[in-house]
Amino acid sequence: MTDVTDPDRARLYEELALESRRYLAAYVLFNQAVAEHLGLHPTDVQCLSLLTAEPEPLTVRQIADRTGLTTGSATRLVDRLERGGYVTRTPDRQDRRRVLVTPVPERLARVTALWDDLGQTWQTLLDDHSEDELRAITRHLRRGHDLGHTQVQRLRAMPRPD
């Protein structure tokens with residue numbers, strides 16, 4: 001365990017916490033700007049991001065689980081994306097009772113063009129990092145994702161405050 005009583009380390013933790021909050025807020029605001037630009041809801045844009053990050057299409061239930069929406073809300077989200085031409089629903093060949101939600105590459109190009117601009121800019125921020133630093137950043141982001149997912153589940157299980 002690291003000594004958090006060390007004043008220099010405590011100051012670094014404090015700075016990291018502040019910059020993490022600023023980074024996350026900037027990302028959320030960027031996501032909102034992308035959604036507004038495309039005439040979508042921010043949750044719709046995040047759903048498209050999740051769909052494109054997965055190697056296989058997802059079911060509505062999986063989308064609900066990943067976004068924290070009810071299955072009814074996830075269904076309405078997929079309905080909106082389908083009406084906009086961003087996704088299609090196809091029967092699962094292994095289980096015909098299930099329906100898979102698949103991104104439509106041509107329509108998604110509108111979204112990915114905006115993300116690609118960010119990605120190119122993002123890469124310039126990383127260009128001066130060593131491979132070890134890039135591995136550390138990747139490890140941190142992966143752990144942050146896992147921790148965030150765990151904390152979301154914990155919060156959803158808690159009673160709401162009055």
Supply the atom-to-atom distance N31 CG to D44 CG, rounded to the nearest 0.5 angstrom. 10.0 Å

Begin with the C-alpha distance, continue with both residues' side-chain angles, and end with the deciding distance and a verdict on side-chain contact (heavy atoms from CB on, under 4.5 Å) for H37 and L114. CA-CA 10 Å; H37 180 76; L114 299 171; 3.7 Å; yes

Evaluate L51 against T102 for side-chain contact (heavy atoms from CB on, under 4.5 Å), listing each step before the verdict. CA-CA 7 Å; L51 286 169; T102 306; over 6 Å; no

Donor-acceptor contact present, side-chain D92 to main-chain R98, <3.5 Å: no

Before giving the answer on side-chain contact (heavy atoms from CB on, under 4.5 Å), spell out for L50 and E54 the whole-Å C-alpha distance, their side-chain angles and the decisive distance to 0.1 Å. CA-CA 6 Å; L50 290 170; E54 295 294 330; 5.6 Å; no

Answer yes when D132 and R139 have at least one side-chain N-carboxylate O distance shorter than 4.0 Å, and no when they do not. no

With the threshold set at 4.0 Å, does a side-chain nitrogen-carboxylate oxygen contact exist between E14 and R11? no

Just checking, is any N or O donor in the side chain of Y86 or R110 under 3.5 Å from an acceptor N or O on the other one? yes

Same cluster or not: are L38 and V78 linked, directly or through other Ile, Leu, Val, Met, Phe, Trp or Tyr residues, by side-chain heavy atoms under 4.5 angstrom apart? yes

So, R76 versus S73: side-chain donor-acceptor pair below 3.5 Å or not? yes

Measuring only between side-chain heavy atoms, which start at C-beta, is D79 closer than 4.5 Å to R89? yes

Main-chain N/O of L108 paired to T112 side chain as donor or acceptor, under 3.5 Å: yes

Between OG1 of T138 and CZ of R135, what distance do you get to the nearest 0.5 Å? 9.0 Å

Charged N to carboxylate O under 4.0 angstrom, R143 versus D146? no

If you measure from SG on C47 to NE2 on H41, what distance do you get to the nearest 0.5 Å? 12.0 Å

For T59, is there any backbone N or O sitting under 3.5 Å from a side-chain donor or acceptor partner on Q62? yes

Under 4.5 Å between side-chain heavy atoms, hopping through other hydrophobics if needed: is there a path connecting L18 to L12? no

Count I, L, V, M, F, W, Y as connected when their side-chain heavy atoms are under 4.5 Å apart, and connections chain through other members. Are I63 and L100 then in the same cluster? no

Assign the ring pair Y27 / F30 to parallel, tilted or perpendicular, where the plane angle (0 to 90°) is split at 30° and 60°. tilted

Give the intermediate values and the outcome of side-chain contact (heavy atoms from CB on, under 4.5 Å) for residues L81 and L48. CA-CA 9 Å; L81 292 175; L48 291 171; 4.1 Å; yes

For R142, look at atom CZ and say whether over 12 heavy atoms of other residues, nucleotides or ligands are found less than 6.0 Å away. no

Just wondering, more than 12 heavy atoms not from D127 lying within 6.0 Å of its CG? yes

Verify same cluster id: L141, L24 (apolar side-chain graph, 4.5 Å): yes

For E131, is the CD atom crowded, meaning more than 12 foreign heavy atoms sit under 6.0 Å from it? no

Compare every heavy atom of S49 with every heavy atom of T52, then report the nearest pair and how far apart it is. OG1-O, 3.0 Å

Is R93 atom CZ crowded by more than 12 heavy atoms from other residues, nucleotides or ligands, each under 6.0 Å away? no

What one should report as the nearest heavy-atom pair of D65 and R156 is O-NH1, 4.5 Å

Grouping I, L, V, M, F, W and Y whenever their side-chain heavy atoms are under 4.5 Å apart, do V45 and L29 come out in a common cluster? no

Strictly distance-based, threshold 3.5 Å: is any side-chain N or O of Q153 a donor or acceptor partner for the main-chain N or O of T150? no

Checking T75 side chain against T71 main chain: does a donor-acceptor pair fall under 3.5 Å? yes

Would you find more than 12 non-hydrogen atoms of other residues, nucleotides or ligands less than 6.0 Å from H129 atom NE2? yes

Could you tell me which non-hydrogen atom of P91 sits nearest to which non-hydrogen atom of R96, and how far apart they are? CB-NH1, 3.5 Å

Give, for atom CG of L69 and atom CD of Q46, the distance between the pair rounded to the nearest 0.5 Å. 11.5 Å

